[in-house]
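We're numbering straight along the sequence, starting at 1.
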Amino acid sequence: MDQLRCATVQFEHRPDDKAYNLAQVEKYVAQASSVQLIAFPEMCLLGYWHLRRHTADRLRELAEPLDGPSITAVRDLAIRYGRAVGAGFLEIDADGRLFNSYAVCMPDGAVHRHRKLHAFEHEAISSGDAYTVFDTPWGVRAGILICWDNNLVENVRATALLGASILIAPHQTGGTASRSPYGMRPIPAHLWHDRHQNPAAIEAELRGPNGREWLMRWLPSRAHDNGLFILFSNGVGQDDDEIRTGNAMIIDPYGRIIEETWAAADTMIVADLDLTLLPLSTGRRWLQGRRPDLYTILTHRFGDERDPRTARFLPTPVPLHRTSHVQGPEAQDPE
């Protein structure tokens, strides 16, 4: 195939309201005429930021296994409408462990599940330990990375090296209280609630440094540097005490945005992926120019590594110099 029609959705979930959130998923799947793959946001079936306020016992009450009713319903939609559907949920495994997970349900009934590698939402939610890349019926391989997984460049490179040509990137981001002096800042809630009376004010926030401008600092480079398409899906609107910024977008292997929205509303965007762009894309050629013998530094432990939750909320500055001694060619003085 030379083209693949894909869609990404942004919508404002309702916390702990699985029936409402699943109905939103069904609405857009039904509307996605001729779409072959449609991506919904991180944790969209349950809601996201409010989960940090729940007890661990309450989270286990809300969580479901991969074959539970929520993902079974999404799988049924994929089969009924003949398209792949990706949606985020809170997973519980046979040992009672919780994961921020994402399932892509295929038209043939197969289900591919990714567990967020860098989970920080709640101390009871564990991080996954594996990359997720799978074949599709359309002759390309797809991978999944959830939200903060995409911020660590090694994860996208690993996903590309495992053969992914399409990266499904579900998020709940924008409008966060970053500790970085030039990071994102919260968006006043009244701007969202007044969006119909004053659309320009909220649109400026969604497109500004707390939303789209922040994404532009890094997201297109993930596509460009690794020669893959990115399907970026995100929440929009009220998410507990933060305002998500939407900005659903589809990016090509050159880092070009081929479709996007900055609507302050639930919406879906659709684009045809030109798969003929993949073989000669810059990132693909860069992958072949790698020198793996130089990269042992990437797996070296310095002793200052933190679990994702601690790293995400670390209140103190990070030292500029590592203290662990590194041996090998990467440690040699280039002069």
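- Between Ile258 atom CD1 and Ile230 atom CD1 the span is 11.0 Å, to the nearest 0.5 Å.
- A donor-acceptor contact closer than 3.5 angstrom is absent between the side chains of Arg141 and Thr159.
- The neighbour count for Gln197 CD, taken as heavy atoms of other residues, nucleotides or ligands under 6.0 Å away, is above 12.
- Taking OG from Ser165 and CG from Leu273, the interatomic distance works out to 10.5 Å, rounded to the nearest 0.5 Å.
- Leu152 and Val133 fall into different hydrophobic clusters, where Ile, Leu, Val, Met, Phe, Trp and Tyr are joined by side-chain heavy atoms under 4.5 Å apart, directly or via other members.
- Under a 3.5 Å cut-off, the side chain of Thr72 and the backbone N or O of Asp67 do form a donor-acceptor pair.
- At distances below 3.5 Å, at least one donor-acceptor pair connects side-chain atoms of Gln10 with backbone N or O atoms of Ala265.
- A distance-only check finds a donor-acceptor pair linking the side chain of Glu12 to the backbone of Gln238 [under 3.5 Å].
- The residue from Lys116, His171, His13 that alone fulfils the side chain to side chain donor-acceptor pair (under 3.5 Å) condition with Glu42 is Lys116.
- Residue Arg309 holds its CZ atom at 11.0 Å from OG of Ser127, rounded to the nearest 0.5 Å.
- Judged purely by distance below 3.5 Å, without hydrogens or angles, the side chains of Ser126 and Arg97 never pair a donor atom with an acceptor atom.
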Note to self: One pair to check against side chain to side chain contact (heavy atoms under 4.5 Å, CB included): Met43 and Trp49. What are the steps and the verdict?
What the structure shows: CA-CA 9 Å; Met43 203 72 81; Trp49 201 222; over 6 Å; no
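- Between the side chain of His122 and the backbone N or O of His54 there is at least one donor-acceptor pair closer than 3.5 Å.
- Side-chain atoms of Tyr102 come within 3.5 Å of backbone atoms of Gly86 as a donor-acceptor pair (strictly under, hydrogens ignored).
- Taking 4.5 Å as the limit, every side-chain heavy atom of Glu242 sits out of range of all side-chain heavy atoms of Met184.
- In this structure a side-chain-to-backbone donor-acceptor pair under 3.5 Å is missing from Asn234 to Asn247.
- Side-chain contact between Leu66 and Phe89 is present, with heavy atoms from C-beta onward closer than 4.5 Å.
- Ion pair Lys27/Asp266 not flagged as a salt bridge, since none of the NZ, NE, NH1 or NH2 atoms sits closer than 4.0 Å to an Asp/Glu carboxylate oxygen.
- Between Phe120 and His118, the distance separating the two ring centers is not shorter than 6.0 angstrom.
- Atom CG of Asn100 is separated from atom CG of Leu90 by 7.5 Å, given to the nearest 0.5 angstrom.
- A donor-acceptor distance shorter than 3.5 angstrom exists from the side chain of Arg157 to the backbone of Asp225, with no hydrogens or angles considered.
- The two residues Val156 and Asn150 come nearest to each other via the heavy atoms CG2-O, 4.0 Å.
- The CZ atom of Arg14 sits 14.5 Å away from atom SG of Cys44, with the distance rounded to the nearest 0.5 Å.
- Atom OH of Tyr182 sits in a sparse spot, with 12 or fewer heavy atoms from other residues, nucleotides or ligands closer than 6.0 Å.
- Note: the hydrophobic cluster containing Leu219 does not contain Tyr254 (ILVMFWY, side chain heavy atoms under 4.5 Å, direct or indirect links).
- Met268 and Leu22 fall within the same hydrophobic cluster, where Ile, Leu, Val, Met, Phe, Trp and Tyr residues are linked whenever their side-chain heavy atoms come under 4.5 Å apart, directly or through other members.
- Across all their heavy atoms, Gly227 and Leu278 have their closest contact at O-CD2, 3.5 Å.
- For Glu205 and Asn210, the side-chain atoms include at least one donor-acceptor pair closer than 3.5 Å.
- Closest non-hydrogen pair, Ile243 versus Trp192, comes out as CD1-CB, 3.9 Å.
- Under the 3.5 Å distance criterion, the side-chain polar atoms of Asp307 are matched with a main-chain donor or acceptor of Thr310.
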Next item on the list: Dump the intermediate steps for side chain to side chain contact (heavy atoms under 4.5 Å, CB included) on Arg113 and Ile71, then the final yes or no.
Entry: CA-CA 10 Å; Arg113 184 267 328 278; Ile71 297 305; over 6 Å; no
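- Taking each heavy atom of Ala39 and Ile168 in turn, the nearest pair found is CB-CG2, 4.0 Å.
- Listed for the Arg83 side chain is no donor-acceptor partner under 3.5 Å among the backbone atoms of Ile38.
- Using modelled atom types, one side-chain atom of Arg60 and one backbone atom of Gly96 make a donor-acceptor pair closer than 3.5 Å.
- Each of Trp214 and Ile187 belongs to its own hydrophobic cluster when Ile, Leu, Val, Met, Phe, Trp and Tyr are linked at side-chain heavy-atom distances under 4.5 angstrom.
- The distance from atom CG of Asp240 to atom CZ of Arg52, rounded to the nearest 0.5 Å, is 4.5 Å.
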Next item on the list: Apply the test side chain to side chain contact (heavy atoms under 4.5 Å, CB included) to residues Phe232 and Thr173: give CA-CA distance (whole Å), side-chain angles for both, the deciding distance (0.1 Å), then the verdict.
Entry: CA-CA 11 Å; Phe232 172 81; Thr173 193; 4.2 Å; yes
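- Counting non-hydrogen atoms of neighbouring residues, nucleotides and ligands closer than 6.0 angstrom, the CG atom of Asp304 exceeds 12 such neighbours.
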